[in-house]
Amino acid sequence: QVQLVESGGGLVQPGGSLRLSCAASGFTLDFYAVGWFRQAPGKEREGISCISASDGRTYYVDSVKGRFTISRDNAEKTVYLHMNSLKPEDTAIYYCATEIGDCMARDYYRATMYEYWGQGTQVTVSS
């Protein structure tokens with residue numbers, strides 16, 4: 001069955017870096033856009049990035065632009081989120097999700113655009 005598994009979260013000091021992984025199984029990742037979302041305690045789930053299937057085009061919300069980089073390795077069936085210059089406000093559970101085709105430029109940050117979800121990985125930025 002379709003499965004997404006996030007990993008790579010943990011505790012990191014402000015200014016530090018982490019690389020999250022989203023491992024896909026049960027479907028052909030090549031044909032799917034993948035988005036990253038996060039949810040902080042007491043807040044709504046926030047879409048932060050997306051990478052398209054056909055051309056690898058990437059999208060970022062302003063709060064992570066220039067600090068986070070999304071990439072994909074279809075051969076490894078994995079999508080990554082490289083996070084640099086982490087801030088305490090980046091603390092959240094991070095989720096990956098997929099939708100068939102490419103990221104919707106106007107709606108890639110909306111959770112309703114995605115069909116399959118992982119279980120999340122905790123990222124805590126604290127000194």
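This structure is a prediction, so every number in the text was calculated from the model and none was measured.
Note: the hydrophobic cluster containing L18 also contains I51 (ILVMFWY, side chain heavy atoms under 4.5 Å, direct or indirect links). Under the 4.5 Å side-chain heavy-atom criterion for Ile, Leu, Val, Met, Phe, Trp and Tyr, I100 and V2 are members of the same hydrophobic cluster. Residues Y60 and V79 are members of one and the same hydrophobic cluster, defined by side-chain heavy-atom contacts under 4.5 angstrom among Ile, Leu, Val, Met, Phe, Trp and Tyr. No continuous path of ILVMFWY side-chain contacts below 4.5 Å connects W36 to V5, so the two sit in separate hydrophobic clusters. The same ILVMFWY cluster, assembled from side-chain heavy atoms under 4.5 Å apart, contains both F31 and F27.
Going from atom CE of M104 over to atom CE of M113 covers 4.5 Å, rounded to the nearest 0.5 Å. E46 CD to F37 CZ: the interatomic distance, rounded to the nearest 0.5 Å, is 9.5 Å. Atom CG in L20 sits 11.0 Å away from atom OG in S49 (nearest 0.5 Å). From I93, atom CD1 reaches atom OG1 of T121 across 9.0 Å, with rounding to the nearest 0.5 Å. Separation of atoms OG1 (T112) and CD (E99) is listed at 9.5 Å; rounding is to 0.5 Å. The line from CD1 of I48 to NZ of K65 is 13.0 Å long, rounded to the nearest 0.5 Å.
Geometrically, R45 engages Y95 in a cation-pi contact defined by less than 6.0 Å to the ring centre and at most 45° from the axis.
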request  = Show the numbers, then the answer: is there a side chain to side chain contact (heavy atoms under 4.5 Å, CB included) between S21 and E6?
outcome  = CA-CA 5 Å; S21 299; E6 302 94 336; over 6 Å; no

request  = Carefully, step by step, assess T98 and L4 under the rule side chain to side chain contact (heavy atoms under 4.5 Å, CB included).
outcome  = CA-CA 9 Å; T98 65; L4 297 171; 3.7 Å; yes

request  = Run the numbers on L81 and Y94 for side chain to side chain contact (heavy atoms under 4.5 Å, CB included), then give the verdict.
outcome  = CA-CA 10 Å; L81 186 68; Y94 283 70; 4.2 Å; yes

request  = Test Y109 against C50 for side chain to side chain contact (heavy atoms under 4.5 Å, CB included), laying out the working first.
outcome  = CA-CA 8 Å; Y109 53 89; C50 185; over 6 Å; no

request  = Could you go through the side-chain hydrogen bond (donor to acceptor under 3.5 Å, both in side chains) check for S54 and D102 one step at a time?
outcome  = CA-CA 7 Å; S54 65; D102 291 335; 2.7 Å; yes

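Between Y114 and W117, the angle of the ring planes goes over 60°, which puts this pair in the perpendicular group of the 30/60° scheme.
Closest non-hydrogen pair, Y108 versus V61, comes out as OH-N, 3.4 Å. The heavy-atom pair separating S127 from P14 by the smallest distance is N-CD, 3.7 Å. Summarising the geometry of M83 relative to L86, their closest heavy-atom pair is CB-CD2, 3.8 Å, with the distance given to 0.1 Å. Taking every heavy atom of both residues into account, D90 and S85 meet most closely at OD2-O, 4.4 Å. Closest heavy-atom contact between R38 and S63: NH2-OG, 3.6 Å. Contact record, L29 with R72: O-NH2, 2.8 Å, taken as the closest heavy-atom pair.
Annotation: E44, atom CD; neighbour count of heavy atoms from other residues, nucleotides and ligands within 6.0 Å does not exceed 12.
Looking at D30 and K77, no side-chain N of the basic residue comes within less than 4.0 Å of a carboxylate O on the acidic one, giving no salt bridge. R110 has a carboxylate O that lies under 4.0 Å from a charged side-chain N of D107, or vice versa, which qualifies the two as a salt bridge.
Side-chain N/O atoms of S17 and N84 include a donor and acceptor closer than 3.5 Å.
Using a 4.5 Å heavy-atom cutoff, the side chains of L11 and S126 are in contact.
With T91 contributing its side chain and V125 its backbone, the two residues share a donor-acceptor pair below 3.5 Å.
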